[in-house]
Amino acid sequence: MASIRFEQVSKRFDKVTAVDNVSFEVNEGEFMVLVGPSGCGKSTLLRMIAGLEEISEGKLFIDGKVVNDLPPKDRDIAIVFQNYALYPHMTAYENLAFGLKIRGLSKTEIHEKVMEAARVLEIEPLLERKPKAMSGGQRQRVAIGRAIVRNPKVFLFDEPLSNLDAKLRGQMRLEIARLHKQLKTTVVYVTHDQVEAMTLGDRIAVVNKGKIQQIATPQQLYDQPTNRFVAGFIGSPPMNFIEGKIEQSQGGLTFSDPTGQLVVPLPDHSVPSAQAGQPLSFAIRPEHLHTHPAKGEQHYAAFTAQVQLVERLGHESFAFASLGGQQVVARLAPEENVTVGERVQLLAELTKGQFFE
Ligand code: ATP
């Protein structure tokens, strides 16, 4: 187990700044997920931990020691890639044993470690097969096994499940979570998939344009996103952003959409420099819009929107509706029946709404 700390770290490739003055810490034994859109710099952050990418500025610490100039082989870190990177001419057993052989371990030691990893990953029946005779999921298990046999201080995963179909991804997600519980090794896991991030991470760092936007537990990220990027990135379907402006009314400042239908009082301090006329977005998650009042909730802003599309998933449905041309999506219970073309009244739970400037 090890801790990892980035201190004002930047990485530049010629004119591209891939990582921009980033500081954060991964605690010992923690499962940290780096999530963000393509090109945001998350793989570069991971590759810097592995020592595969030089650091342009700042310091990287592993277990309190600066490792900027420490070669990858001396870092005691194992990395699992998206494309497995198995040796095609070797059996699964030989793939697992290879790194240990190079390190000069005895045959008995190698056998013990390989069999232990195979047991943990339930791949014993595959050990004599070559990669081409295995499914994608099985190959990925062998690739993870190759990392486990080394018993490293840190596991790095770079989009390990992207090549698998949806069902297998779900299954492997559970296995990786189980492995972490069992091995308790520090993990840094890169993905662009917010479901993977939410389900696996002890904490999640949301990355955009080379900067960390927010680091928090999955629930904190969902409930209290610090900015509009995080609010829009975490959650599916994403949070609704209804554009409007601040108006002065008798009771104080309010948010109002251009149709004037959706009026939301601005609580004190919710928008620090609020002034009448200023543009503002009201953000509300799809599950906080209802056709009928929710149990125990009393504070609503009601508005009427025209339903344009209904996606029924059985246990719930998503109603996509237009509020004066702005699309809003509501996550409805099966009994909240709405039909395409209908003008429906939606109730926004005010305690759940947020404002973004
Ligand atoms: P993806 O999910 O698509 O892999 P990412 O978030 O992992 O994206 P990085 O691979 O870290 O992103 O890349 C961050 C930025 O740095 C991108 O703009 C990329 O084009 C650039 N970049 C990465 N590696 C190099 C390189 N060797 N030379 C030049 N630019 C690079």
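As the structure is a prediction and not an experimental result, all values here were calculated from the model. Reckoned from all heavy atoms, side chains included, excluding hydrogens, waters and symmetry mates. Counting begins at 1 with the first residue of the sequence. Whatever order the structure lists ligands and atoms in, that order sets their numbers, starting from 1.
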| said: Quick check: G41 and ligand 1, any N/O pair under 3.5 Å apart? | reply: yes

| said: List the residues meeting side-chain contact (heavy atoms from CB on, under 4.5 Å) with S23, not counting sequence neighbours, and say none if there are none. | reply: Q8

| Does D74 reach the main-chain N or O of L70 with its side chain, forming a donor-acceptor pair under 3.5 Å? | no

| message | Quick check on P37 - does any of its heavy atoms sit under 4.0 Å from an atom of ligand 1? | response | yes

| message | For atom 4 (O) of ligand 1, what's the nearest protein heavy-atom neighbour? Residue, atom name and distance, please. | response | S43 OG, 3.8 Å

| field | Nearest-neighbour protein heavy atom for atom 23 (C) of ligand 1, which is reported as residue plus atom name and distance | value | F13 CE1, 3.4 Å

| task | Check whether the side chains of T186 and E28 place a donor and an acceptor atom closer than 3.5 Å, and report yes or no. | result | no

| Strictly by modelled atom types, are E196 and T191 linked by a side-chain donor-acceptor pair under 3.5 Å? | yes

| said: Can you confirm whether the side chains of H290 and E336 place a donor and an acceptor under 3.5 Å from each other? | reply: no

| task | Cation-pi check, R285 to Y222: give yes when NZ or CZ is under 6.0 Å from the six-membered ring centre and within 45° of the ring axis, no otherwise. | result | yes

| remark: The protein heavy atom nearest to atom 19 (C) of ligand 1 is V16 CG1, 4.9 Å

| request: Decide whether the shortest distance between a heavy atom of C40 and an atom of ligand 1 is less than 4.0 Å. | output: yes

| To which protein heavy atom is atom 11 (O) of ligand 1 closest, and what is the distance rounded to 0.1 Å? | T44 OG1, 2.5 Å

| said: In this structure, does ligand 1 have an atom that sits under 4.0 Å from one of the heavy atoms of K42? | reply: yes

| query | What atoms of ligand 1 come within less than 4.0 Å of a heavy atom belonging to A18? | reply | 14 (C), 15 (C), 16 (O)

| request: For E116, check salt bridge (Lys or Arg N to Asp or Glu O under 4.0 Å) against everything at least two apart and list the hits. | output: R119

